[in-house]
Amino acid sequence: MEISVEKIEGSTDVKYFYDSYTVHVGNHRILTVVTYCEITAGKWLKHAKKANNSKSLSKTLVVGFSVERQKDYYSRYGLLEFPYELLHICIGSHCLLYHLNNLDRYKPPKFLAYFLSDPEVIVVGMGIKDKSSHLEKDFQVKIKNAVDLNELAVKGMKRDELDLGRYDLDRLAKAVLGKHMDVLRPGRKIEWFKRKRPYYHSPELNDEKVMFTTADAYLCYRIGSQLFDMIHGKASSAVAAAAAVAAAAKSRKNKKMKKGKKNKK
């Protein structure tokens with residue numbers, strides 16, 4: 001599947017600190033905003049909530065979500081858990097990349113805390129439970145309805161032979177959305193920021209980073225929406241579906257624990 005990115009000329013705003021891009025993922029066009037500004041991010045969320053969503057999800061909003069760090073740091077004791085630096089949100093054909101670097105860890109952004117704690121917002125992503133836990137620990141931002149895509153796929157597709165609980169994002173996209181949803185990734189690490197001269201990085205994200213990060217957030221959104229449709233059909237509530245997925249995951253975990261105890265005996 002072909003993906004491309006193009007910066008929208010004249011869209012840079014020096015007052016509210018954002019850049020805009022058009023990203024194509026196959027035949028789908030996504031408008032992406034990249035910003036450090038809390039005001040801009042808050043306005044984006046307000047407008048993006050009006051974007052079209054799955055007709056089957058009554059009074060709810062599915063959001064493709066992830067957070068990441070530029071690099072992992074290790075000590076002799078293992079991985080050092082530094083705060084996340086970049087947040088990705090996708091709603092329909094709109095994507096937000098929000099820099100978390102400048103946030104006060106003891107003064108969480110109200111717009112983000114309010115949005116993610118909304119009971120009608122269903123946040124879907126890969127490894128979402130762990131990311132949600134760290135986001136709350138580092139920034140006091142809690143996700144009320146966090147749904148792991150692997151768990152959702154296990155419940156929605158009912159294909160135990162595929163071991164969907166272990167799939168990465170690319171394999172999950174092909175399994176749920178079709179083989180045509182195959183993202184060709186570079187065989188190297190993607191630079192986050194543009195280089196203006198040797199050893200100096202601009203605060204502006206590299207176009208390639210914008211492109212692949214947007215694609216990943218969009219795939220999370222598409223996979224989540226498709227799986228909710230599979231599970232509960234046209235008259236469903238995504239909140240009920242999310243609760244069902246969480247209950248099923250907890251049940252599987254309890255069964256494994258009981259089986260482990262029996263084996264020990």
Side-chain angles (χ1 to χ4, degrees), residues 1-13 16-37 40-41 43-57 61-68 70 85-99 122-126 149 153 167-195 202-229:
M1 177 178 63
E2 185 177 345
I3 60 174
S4 63
V5 61
E6 181 180 355
K7 187 171 183 181
I8 301 174
E9 296 301 327
S11 66
T12 300
D13 190 305
Y16 292 110
F17 306 102
Y18 72 83
D19 297 301
S20 298
Y21 300 81
T22 298
V23 178
H24 284 92
V25 180
N27 295 325
H28 304 278
R29 177 174 175 264
I30 300 118
L31 298 177
T32 298
V33 169
V34 182
T35 186
Y36 289 83
C37 179
T40 298
K43 286 182 177 180
W44 183 92
L45 285 175
K46 183 178 179 181
H47 291 298
K49 284 182 73 174
K50 299 177 182 178
N52 294 327
N53 209 321
S54 171
K55 294 179 181 179
S56 68
L57 306 176
L61 185 70
V62 171
V63 176
F65 177 90
S66 191
V67 280
E68 63 178 323
Q70 186 173 4
E85 298 170 291
L86 187 66
L87 175 145
H88 337 140
I89 289 178
C90 182
I91 304 173
S93 59
H94 300 271
C95 187
L96 172 71
L97 306 185
Y98 179 54
H99 291 275
I122 309 300
V123 179
V124 298
M126 304 294 291
L149 285 175
Y167 276 24
D168 61 16
L169 179 62
D170 288 341
R171 291 184 72 194
L172 203 58
K174 287 187 285 185
V176 177
L177 304 174
K179 292 182 179 180
H180 64 286
M181 300 298 284
D182 184 18
V183 177
L184 298 177
R185 300 181 185 275
R188 53 176 171 74
K189 186 176 180 180
I190 297 172
E191 290 279 351
W192 272 38
F193 297 100
K194 292 183 176 180
R195 286 181 182 269
S202 161
E204 184 180 353
L205 282 182
N206 184 4
D207 287 0
E208 190 178 40
K209 177 61 179 172
V210 173
M211 180 175 70
F212 282 106
T213 302
T214 296
D216 289 349
Y218 176 70
L219 287 177
C220 286
Y221 164 78
R222 283 285 310 280
I223 293 168
S225 297
Q226 180 75 9
L227 288 170
F228 278 126
D229 289 350

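Because the structure is a prediction, the values reported are computed rather than measured. Reckoned from all heavy atoms, side chains included, excluding hydrogens, waters and symmetry mates.
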For residues [X] and [Y], determine if any side-chain heavy atom of one lies less than 4.5 Å from a side-chain heavy atom of the other.
| X | Y | value |
| --- | --- | --- |
| Ile8 | Tyr21 | no |
| Phe228 | Ile122 | yes |
| Asp207 | Lys194 | yes |
| Glu204 | Lys7 | yes |
| Asp170 | Asp182 | no |
| Leu61 | Ile91 | yes |
| Tyr221 | Val63 | no |

Would you compute the distance between atom [atom1] of [X] and atom [atom2] of [Y] and round it to the nearest 0.5 angstrom?
| X | Y | atom1 | atom2 | answer |
| --- | --- | --- | --- | --- |
| Glu2 | Leu184 | CD | CG | 9.5 Å |
| His94 | Lys49 | NE2 | NZ | 14.5 Å |
| Leu149 | Leu219 | CG | CG | 10.0 Å |
| Ser66 | Met126 | OG | CE | 9.5 Å |

**OP:** Show your reasoning for whether side chain to side chain contact (heavy atoms under 4.5 Å, CB included) applies to Tyr98 and Thr35.
**Re:** CA-CA 5 Å; Tyr98 179 54; Thr35 186; 3.9 Å; yes
**OP:** For side-chain hydrogen bond (donor to acceptor under 3.5 Å, both in side chains), just list the numbers for His24 and Glu6, CA-CA rounded to whole Å, side-chain angles, deciding distance to a tenth of an Å, and then say yes or no.
**Re:** CA-CA 9 Å; His24 284 92; Glu6 181 180 355; over 6 Å; no
**OP:** In sequence, state the C-alpha distance, the side-chain angles, and the governing distance for Cys95 and Val23, and then conclude on side chain to side chain contact (heavy atoms under 4.5 Å, CB included).
**Re:** CA-CA 9 Å; Cys95 187; Val23 178; over 6 Å; no
For residues [X] and [Y], report the shortest heavy-atom separation together with the two atoms involved.
| X | Y | result |
| --- | --- | --- |
| Leu177 | Met181 | CB-CG, 3.5 Å |
| Trp192 | Leu86 | CH2-CB, 3.7 Å |
| Cys90 | Ala217 | CB-O, 3.4 Å |
| Leu96 | Trp44 | N-CZ2, 3.5 Å |
| Val124 | Gly224 | CG2-CA, 4.2 Å |
| Leu172 | Ala153 | CD1-CB, 3.7 Å |

**OP:** Before accepting this row, confirm whether a basic side-chain N of the pair Arg185/Asp216 lies closer than 4.0 Å to the acidic partner's carboxylate O.
**Re:**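 So Arg185 pairs with Asp216 through a salt bridge.
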**OP:** Give a yes or no on whether a salt bridge exists between Glu208 and Arg188, defined as a side-chain N under 4.0 angstrom from a carboxylate O.
**Re:**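 Yes.
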Original post:
Looking at residues at least two apart in the chain, or sitting in another chain, which of them share a ring-ring contact (aromatic ring centres under 6.0 Å, His included) with Phe65?
Top reply: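 Counting only residues at least two positions away or on another chain, Phe65 forms no ring-ring contact (aromatic ring centres under 6.0 Å, His included).
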Would you give me the side-chain donor-acceptor pairs under 3.5 Å for residues 26-34, sequence neighbours excluded?
from, atom 1, to, atom 2, distance (Å)
His28, ND1, Tyr218, OH, 3.0
His28, NE2, Arg222, NH1, 3.1
Thr32, OG1, Thr214, OG1, 3.0

Subject >> Chi angles and distances behind the side chain to side chain contact (heavy atoms under 4.5 Å, CB included) call for Leu97, Ile89 >> reply: CA-CA 7 Å; Leu97 306 185; Ile89 289 178; over 6 Å; no
**OP:** Output, in order, the C-alpha distance, side-chain angles, deciding distance and verdict of side chain to side chain contact (heavy atoms under 4.5 Å, CB included) for Leu205 and Phe193.
**Re:** CA-CA 4 Å; Leu205 282 182; Phe193 297 100; 3.8 Å; yes
**OP:** Using side-chain contact (heavy atoms from CB on, under 4.5 Å) as the criterion, list what pairs up with Ala215, not counting sequence neighbours.
**Re:**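 Applying side-chain contact (heavy atoms from CB on, under 4.5 Å) to Ala215 gives Ile3, Val25.
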Original post:
If only atom types and distance count, is the side chain of Asp168 paired as donor or acceptor with the main-chain N or O of Arg171 below 3.5 Å?
Top reply: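 Here the side-chain-to-backbone pair exists.
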